[in-house]
Amino acid sequence: MPELEPQLLHVIGDAPEGPWSVFSLPTGDHTAMVSVIIPRSLWLEISRRDPFSSDLSLIERIGRMAILHRLQQTGELETIVVDTDDIQELWNKPDEPWYMTLRRCGQCHEMVPHGEVLEALANALPPNSRGQITVEVLCPACMVQTSHVLNPWGVVGR
């Protein structure tokens, strides 16, 4: 099966529940259309965590993640009301603060020494136009660099 790539067709606007958009999803024989609604409370939390991304780019990223997650879970294409299970990559676990995320190796999941994180922060380039920096933390155990994207509110992604 070819890799599915949902495409944002149109942001309809603000439904009573929250931002509403429509995505297309090529499925081989035809192209399906999927309606995605992001509940207002979830939308406010995500947009607060990533204030430098545009609404359009956040809606697109959330919608793609939710569609692919739901396809994997149920195999059905219906209207999707997004929840935190659908967007785990964007939704940092509250039990791990952002600075601990920097210390966890992306490959072996071991804790990286503080010195490696400090060195990575010292070597980071200045913030881009979105106010984000990329930090490359080297794990001495497996010799793999894990890339983290940070903004002033914490880790945005890997």
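FYI, side chains are in, hydrogens and waters are out, and symmetry mates aren't considered; it's all heavy atoms of this structure. This structure is a prediction, so every number in the text was calculated from the model and none was measured.
- By the criterion of side-chain heavy atoms lying less than 4.5 angstrom apart, applied directly or through intervening Ile, Leu, Val, Met, Phe, Trp or Tyr residues, Leu71 is grouped together with Met65 in one hydrophobic cluster.
- Remark: side-chain polar atoms of Ser47 are paired, donor with acceptor, to backbone N or O of Leu44 under 3.5 angstrom.
- Checking Thr79, Val81, Ile80 one by one against Ser35, the side-chain contact (heavy atoms from CB on, under 4.5 Å) holds for a single residue, Thr79.
- Between the Ser21 side chain and the Val11 main chain, no donor and acceptor come within less than 3.5 Å of each other.
- In the hydrophobic clustering of this structure, Leu9 does not group with Leu68; members are Ile, Leu, Val, Met, Phe, Trp, Tyr whose side-chain heavy atoms approach within less than 4.5 Å, directly or through other members.
- Taken from CG in Leu150 to OG1 in Thr134, the straight-line distance is 8.5 Å, to the nearest 0.5 Å.
- Side-chain contact check for Ile46 versus Ile87: some heavy-atom pair is nearer than 4.5 Å.
- Nearest heavy-atom pair across Val135 and Ala120 is CG1-CB, 3.4 Å.
- Using a 4.5 Å cut-off on side-chain heavy atoms (C-beta onward), Val117 and Tyr99 make no contact.
- A heavy-atom distance below 4.5 Å is found between the side chains of Pro140 and Pro113.
- Looking at Glu110 and Arg104, no side-chain N of the basic residue comes within less than 4.0 Å of a carboxylate O on the acidic one, giving no salt bridge.
- Note that CD1 of Ile133 and NE2 of His148 are 11.0 Å apart. Values are rounded to the nearest 0.5 Å.
- Taking the side chain as every heavy atom from C-beta outward, Ile62 and Val82 approach each other to under 4.5 Å.
- Side-chain contact of Glu136 with Ser147: a donor-acceptor pair under 3.5 Å is present, judged by distance alone.
- Other residues, nucleotides and ligands place more than 12 heavy atoms under 6.0 Å from the CE atom of Met111.
- Transitive grouping of hydrophobic side chains (ILVMFWY, heavy atoms separated by less than 4.5 Å) keeps Ile59 and Ile37 in distinct clusters.
- The closest side-chain heavy-atom distance from Glu17 to Pro39 is not below 4.5 Å.
- Between the side chain of Asp85 and the backbone N or O of Gln88, no donor-acceptor pair lies under 3.5 Å.
- No side-chain heavy atom of Val112 sits less than 4.5 Å from a side-chain heavy atom of Leu138.
- Put simply, SG on Cys108 and CE on Met143 are 11.5 Å apart, with the number rounded to the nearest 0.5 Å.
- Considering Thr74, Asp86, Asp83 in turn, Asp86 is the only one that fulfils the side chain to side chain donor-acceptor pair (under 3.5 Å) rule with His69.
- A continuous path of ILVMFWY side-chain contacts below 4.5 Å connects Val36 to Leu8, so both sit in one hydrophobic cluster.
- Between the CZ atom of Arg64 and the CZ atom of Phe23 there is a distance of 7.5 Å, given to the nearest 0.5 Å.
- Counting only heavy atoms from C-beta outward, the side chains of Cys139 and Glu116 never approach each other to under 4.5 Å.
- Two different hydrophobic clusters hold Leu25 and Met33 under the rule that ILVMFWY side chains link at heavy-atom gaps under 4.5 Å.
- Proximity of a side-chain donor or acceptor of Asn123 to a complementary backbone N or O of Glu119 within less than 3.5 Å is detected.
- Taking NE2 from His30 and OG from Ser24, the interatomic distance works out to 11.5 Å, rounded to the nearest 0.5 Å.
- Note that CD1 of Ile67 is 10.0 Å distant from CD of Glu5, once rounded to the nearest 0.5 Å.
- A 4.5 Å side-chain heavy-atom check between Val22 and Ile12 finds at least one atom pair inside the cut-off.
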